[in-house]
Asker: 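Below is a structure I'd like to ask you about.
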Amino acid sequence: TALVEQFEQVLARHDRIEPRDWMPEKYRATLVRQIAQHAHSEIIGMQPEGNWITRAPSLRRKAILLAKVQDEAGHGLYLYSACETLGVSRQELTEKLVSGQQKYSSIFNYPTLSYADVGTIGWLVDGAAIANQVPLCRTSYGPYGRSMIRICKEESFHQRQGYELLMTMMRGSDAQRAMVQESVDRFWWPALMMFGPPDDDSPNTAQSMAWGIKRDTNDELRQKFVDMSVPQAERLGVTLPDPDLVWNAERGHHDFGQPDWEEFRAVVTGAGPCNAQRIAHRRRAHEDGAWVRDAATAFAARSSAEPVETREARA
Amino acid sequence: TALVEQFEQVLARHDRIEPRDWMPEKYRATLVRQIAQHAHSEIIGMQPEGNWITRAPSLRRKAILLAKVQDEAGHGLYLYSACETLGVSRQELTEKLVSGQQKYSSIFNYPTLSYADVGTIGWLVDGAAIANQVPLCRTSYGPYGRSMIRICKEESFHQRQGYELLMTMMRGSDAQRAMVQESVDRFWWPALMMFGPPDDDSPNTAQSMAWGIKRDTNDELRQKFVDMSVPQAERLGVTLPDPDLVWNAERGHHDFGQPDWEEFRAVVTGAGPCNAQRIAHRRRAHEDGAWVRDAATAFAARSSAEPVETREARA
Amino acid sequence: AGALAAYCLMLGDDALVHSHRLSQWASNAPDLEEDIALSNVALDLLGQARLLLARAAAADPDLVPALPEGSPVPPEDALAFFRDEAAFRNVRLAEQENGDFAATVVRLLLLSSHRLALLQRLVASSDQVLAAIAAKGVKELTYHRDYAGRWFLTLAQGTAESRRRLLAGLALVWPLRAELARTHPVERLVAEQGVGVDPASVTDEVDVLLEQVFSVSGVERPGLPATGTVAGGAGREGRHSEAMGRLLAEMQVVARAHPTGLW
Amino acid sequence: AGALAAYCLMLGDDALVHSHRLSQWASNAPDLEEDIALSNVALDLLGQARLLLARAAAADPDLVPALPEGSPVPPEDALAFFRDEAAFRNVRLAEQENGDFAATVVRLLLLSSHRLALLQRLVASSDQVLAAIAAKGVKELTYHRDYAGRWFLTLAQGTAESRRRLLAGLALVWPLRAELARTHPVERLVAEQGVGVDPASVTDEVDVLLEQVFSVSGVERPGLPATGTVAGGAGREGRHSEAMGRLLAEMQVVARAHPTGLW
């Protein structure tokens, strides 16, 4: 049909699809799933870092961390809004999150066990997220692409802050250096898992690339991330916990070992160290807040129903 | 009447009134009020000390403190049981406590701000409680008197433990000695208030003494407590925060200053530093536990309703 | 200088401790918008606390706790993380556990109305640094107070449940308000010097404002008595409530584990 | 001696940390009887922890954290209050926040059934001290398990609400159970030496018991997967859950503020 053709043409010239444009149902559904998952990741991602706000060891770091967690809430907001342009409400998506019907990035199912984790999450986790997300700035769906531009900018700021925290700690005491190394040891492999399963085990990649929702394969992105991280680790003075990690001059890339894909599957299907905790936290906050949201709705309804004079007289 | 005469005779020969005996309604009401207030004091008294269980600085002290708070729960149990012999249930009394209709010892409306307070409460607060309570072992109502015998025995054990903690801390670091002194400074005056207002301002004393519910006046007990505490403070090496405290050779007692009776009245009427907190804590615990008590009741009813064979087969 | 420093600690600790409580809402608020708004308020207060603690340390370096030789901990952090409970000068209202959103809103309304009134006068402080901190803070506090006022009204007029919770929160928080108006000798002194403000001098003005919020919301001003003092003192004398010890245990744990740490 | 000490730490930390959680019920339990009972269990476990930490320190003094010269802190306290999180060897199940009474009961049932089975075998340990600690503990644990089992049945069969909460508590707690059966190299070693017990060797026996409790209560055994590990490790390797840091911050705060304190 003409609609399909028009849609294909927009994609072909790498232009954007906008909310009012016609789009195939599967494209819409895939987008909703992906954007929602991304939004949920921002919201759940507030927990592991939020865990350290009250214990931040300097006021400057406390301000940085609090602002970062706040930014994540902001990212969640944009992304839920992008989803709303596709006709799905934040409320619906939240229900799907807390009932376990929709996923979020598995990395957040690992606990944060020291203040160094705040830095490592900035460096490696935000780093991996950026590698995943920068191509999405050119994604075919307009509102998503534009959200991603803003988010990526803030994420690189966060990444630099995380790296700077680790750098500072490495110039501190022996205990702090050990803390950084221990943290990197815990997060390196989960960070590699963030790019998803190997390409030969990633059934949706081809379709997503054809639709311009995704622009690189998992393995391509993972390689890029490793190549980027190795010199950063050297500058930091930490060892990456992979004995197979070595520069391959022929390929012009680093060779590296495979993450434990068994663990990845377990965490994705709910059996990570913190899955239950993260969802329970989100559900509790959501349920505890229900009466406040109800009050706001009731108040708004009443205020708009009342004649303007009354409202003015009252205020 | 004959009943009244018999009652008076029992009192006259310092014998006990028992639950099945006739007693004047006002005697019963006064007893219920007094025993309930005492029971509530044990229960509310768990909070200021319980505040430090999780932070006790040695495992030995943790065990001592936990056992002490447990004893207070036990004392509450006996005393509520004594009240039940007068026809009032624990449930009724608890409702009266959390709704503010019945009082508890005002001393527990002061906060515990350091671990030394655990010792000071043992030494001064339990000390004052014992001075108040030892005469009650001879009180005219049997179940109350017998509870008091057991309670006083445990209380003097607690007092010795508290004093021993302070003694130990005084042999420790300068910071610990300062902590003990600061704690005694805070608790000395509230401890003196525990004997109630001065005799000329204590309207119920005369009737309670006539009934043998009370055996000494407030001022007599307060004097005894001061005389007892002064040498203990010396041995400990702390200063009692009263510039008027001095030995009066003529009286054979210590002269001492008056507590701030204004503050006393404020705390008794709800405006102490922790009144709202203590009641809110108790109410929350009581309400949070309602579903458990309901479950136990429902289960007991079901179990006793079922034929014995079924129960046995099931177990 | 001693009085100025002590006064800055009072203002700084109020901000630091209240900020700590508000920051505990992060990832726990009723909605994303409130999560962001409460973090904003917490960040503003944290920023004020940093400036005020730094000013206190500059005015009287003896206030700053001693740290191991060569420790790189800056004065603001030495004050925040290495003082003991009795050296904190915040009012007890700031340190109370959050309770529900209603209790948090009421506390924010009371603290921000009072602080805004103070900062509005502190703009004219003879201490230039304090005046500058106040000037920046006035804008922030105006937002905090308006935010709290809007939610006070919304909860009062929203649903029966929200009104019930608002009144319960008010009953819980109100008795601690009196401490804000209790003039400490240090406050009297700095007020006389034109450096600070006597908190008692702003209570009428704050009362008028609260009266407006209450009346628009259809809520009666509570008749509850003030929370009592301890041995004649309260937060400004370093005599806090039981909540404070736990708050500090958490806030200071990492910093204290690394007294020579660089962060 | 190193393995014996490490093993005693595992058993001791399980008891210490679980005791800490149970002690938080003091003045918070649903009724006075439960307040007393939970304190009793906490006290029993605390007693076991003290003996086990003392045994660990005696078997390998190098385990005990160094304290300032002349510090009077005894080894059991040095271990409890001056070790960092990563040096604690308890399973993560022991450190979880209490949740409601149902979750506490389920956790107590799982931990006490397992520990009772271990102690029953440890009575025959070739280490006389450990054998004596176990002999004392068997009586205590029998009571703990029966107490938890009685409440499990009561909540399951009580009201709809209590059943709902019991099942929710079970779902929360169950996935952490698997860690109890995960044999650590130290446990394997001490089992081979006749000093300790391989925890995997008692799971069948514990399963049978739990099956009975579930079946009497009309509750199905959850089909939930085990909580995952972190970098291949869990509590026995010192890799805990996020709850542990806060627990220790509170538990250790006073002791650490006074490293030369006498208590």
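Just so it is clear, the structure is predicted and the values come from calculations on it, not from any experiment. Chain letters run A, B, ... following the sequence lines, proteins first and then strands; every chain starts at 1.
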Asker: On a heavy-atom basis, which atom in B/Leu59 and which in D/Asp77 lie closest, and how many Å separate them?
Answerer: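 Scanning both residues, the minimum pair turns out to be N-OD1, 2.8 Å.
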Asker: Against chain D, label B/Ile44 side chain, backbone, both or neither, depending on which of its atoms sit under 4.5 Å from a heavy atom there.
Answerer: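 No part of it gets close to chain D.
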Asker: Go through B/Ala63, B/Ser173, B/Ala298 and name the one with the most non-hydrogen pairs under 4.5 angstrom from chain D.
Answerer: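 Winner by heavy-atom pair count: B/Ala63.
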Asker: Name the member of D/Leu16, D/Asp35, D/Asp31 that forms the most heavy-atom pairs with chain B at distances under 4.5 Å.
Answerer: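 Most heavy-atom pairs under 4.5 Å with chain B: D/Asp31.
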Asker: For B/Gln101, does the CD atom sit with more than 12 other heavy atoms under 6.0 Å from it, leaving out its own atoms?
Answerer: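 Count over threshold, so yes.
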Asker: Please flag which part of D/Ala80 lies under 4.5 Å from any non-hydrogen atom of chain B: side chain, backbone, both or neither.
Answerer: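 Answer is side chain: those atoms of D/Ala80 sit under 4.5 Å from chain B.
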Asker: Is it true that atom OH of D/Tyr143 has more than 12 heavy atoms of other residues, nucleotides or ligands lying nearer than 6.0 Å?
Answerer: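 Result for OH/D/Tyr143: enclosed.
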Asker: How would you list, by chain and number, every residue that makes a salt bridge (Lys or Arg N to Asp or Glu O under 4.0 Å) with B/Arg293, sequence neighbours excluded?
Answerer: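 For B/Arg293 there are no salt bridge (Lys or Arg N to Asp or Glu O under 4.0 Å) partners, ignoring immediate neighbours.
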Asker: Of the backbone (N, CA, C, O) and the side chain (C-beta and beyond), which part of D/Arg163 lies under 4.5 Å from a heavy atom of chain B, both, or neither?
Answerer: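 Interface part for D/Arg163: neither.
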Asker: Give the minimum heavy-atom separation between B/Ala295 and D/Leu155, together with the two atoms involved.
Answerer: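 It is CB-CD2, 4.0 Å.
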Asker: Of all the heavy-atom pairs spanning D/Gly158 and B/Arg302, show the shortest one and how long it is.
Answerer: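 Here D/Gly158 and B/Arg302 meet closest at O-NH2, 3.2 Å.
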Asker: If you count heavy-atom pairs under 4.5 Å between each of D/Ala49, D/Ser23, D/Ala26 and chain B, which one has the most?
Answerer: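 Counting heavy-atom pairs under 4.5 Å, the top option is D/Ser23.
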Asker: Salt bridge (Lys or Arg N to Asp or Glu O under 4.0 Å) with D/Arg55: which residues, sequence neighbours excluded?
Answerer: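 For D/Arg55 the salt bridge (Lys or Arg N to Asp or Glu O under 4.0 Å) partners, ignoring immediate neighbours, are D/Asp127.
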Asker: Please state whether the side chain, the backbone, both or neither of B/Ala56 comes within less than 4.5 Å of a heavy atom of chain D.
Answerer: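 Only the backbone of B/Ala56 comes within 4.5 Å of chain D.
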Asker: Are B/Arg90 and D/Glu33 ion-paired here, with the side-chain N under 4.0 Å from a carboxylate O?
Answerer: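 Looking at D/Glu33 together with B/Arg90, the answer is yes, because their closest N to O distance falls below 4.0 Å.
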Asker: Evaluate B/Gln70 against D/Leu43 for side-chain contact (heavy atoms from CB on, under 4.5 Å), listing each step before the verdict.
Answerer: CA-CA 10 Å; B/Gln70 188 190 35; D/Leu43 276 166; 3.4 Å; yes
Asker: Could you tell me which portion of D/Ala102 (side chain, backbone, both or neither) has an atom closer than 4.5 angstrom to a non-hydrogen atom of chain B?
Answerer: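 Its backbone and side chain both get close to chain B.
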Asker: Could you please state which residues from residues 250-263 of chain D sit under 4.5 angstrom from chain B, measuring non-hydrogen atom to non-hydrogen atom, sorted by number, or 'none'?
Answerer: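 From residues 250-263 of chain D, the residues near chain B are D/Glu250, D/Met251, D/Val253, D/Val254, D/Ala255, D/His258, D/Thr260, D/Gly261, D/Leu262, D/Trp263.
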Asker: Could you tell me which non-hydrogen atom of B/Lys62 sits nearest to which non-hydrogen atom of D/His20, and how far apart they are?
Answerer: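 In terms of heavy atoms, the two residues are closest at NZ-ND1, 4.3 Å.
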Asker: Shorter than 4.5 Å, heavy atoms on both sides: which option in B/His286, B/Arg55, B/Met167, B/Gln47 has the most such pairs with chain D?
Answerer: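 The candidate making the most pairs under 4.5 Å is B/Arg55.
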Asker: Which bit of B/His281 comes within less than 4.5 Å of chain D, counting heavy atoms only: side chain, backbone, both or neither?
Answerer: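 Answer is side chain: those atoms of B/His281 sit under 4.5 Å from chain D.
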Asker: Can you find a pair of side-chain heavy atoms, one from B/Ile43 and one from D/Leu32, that are under 4.5 Å apart?
Answerer: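 They are in side-chain contact.
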Asker: Does any backbone or side-chain atom of D/Leu38 lie under 4.5 Å from a heavy atom of chain B? Answer side chain, backbone, both or neither.
Answerer: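 Nothing of D/Leu38, per the 4.5 Å heavy-atom cut-off to chain B.
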Asker: Checking B/Val69 against chain D: side chain, backbone, both or neither under 4.5 Å from a heavy atom?
Answerer: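 Only the side chain of B/Val69 comes within 4.5 Å of chain D.
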Asker: Report which part of D/Asn28 has an atom under 4.5 Å of a heavy atom belonging to chain B: side chain, backbone, both, or neither.
Answerer: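 It is both, since atoms from each part get that close.
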Asker: What are the two closest non-hydrogen atoms of B/Ala285 and D/Ser27, and how far apart are they?
Answerer: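 Looks like CB-O, 3.9 Å.
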Asker: Quick one: list whatever passes salt bridge (Lys or Arg N to Asp or Glu O under 4.0 Å) with B/Arg171, sequence neighbours left out.
Answerer: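 Per chain and number, B/Arg171 pairs via salt bridge (Lys or Arg N to Asp or Glu O under 4.0 Å) with no residue.
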Asker: Heavy-atom distance under 4.5 Å to chain B: side chain of D/Phe81, backbone, both or neither?
Answerer: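 Only the side chain of D/Phe81 comes within 4.5 Å of chain B.
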Asker: Is it the backbone or the side chain of B/Leu77 that comes under 4.5 Å from a heavy atom of chain D, or both, or neither?
Answerer: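 Both parts, backbone and side chain.
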Asker: For D/Ile36, is it the side chain, the backbone, both, or neither that has a heavy atom closer than 4.5 Å to a heavy atom of chain B?
Answerer: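 Both parts, backbone and side chain.
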Asker: CD of D/Glu85: more than 12 outside heavy atoms within 6.0 angstrom?
Answerer: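 Yes.
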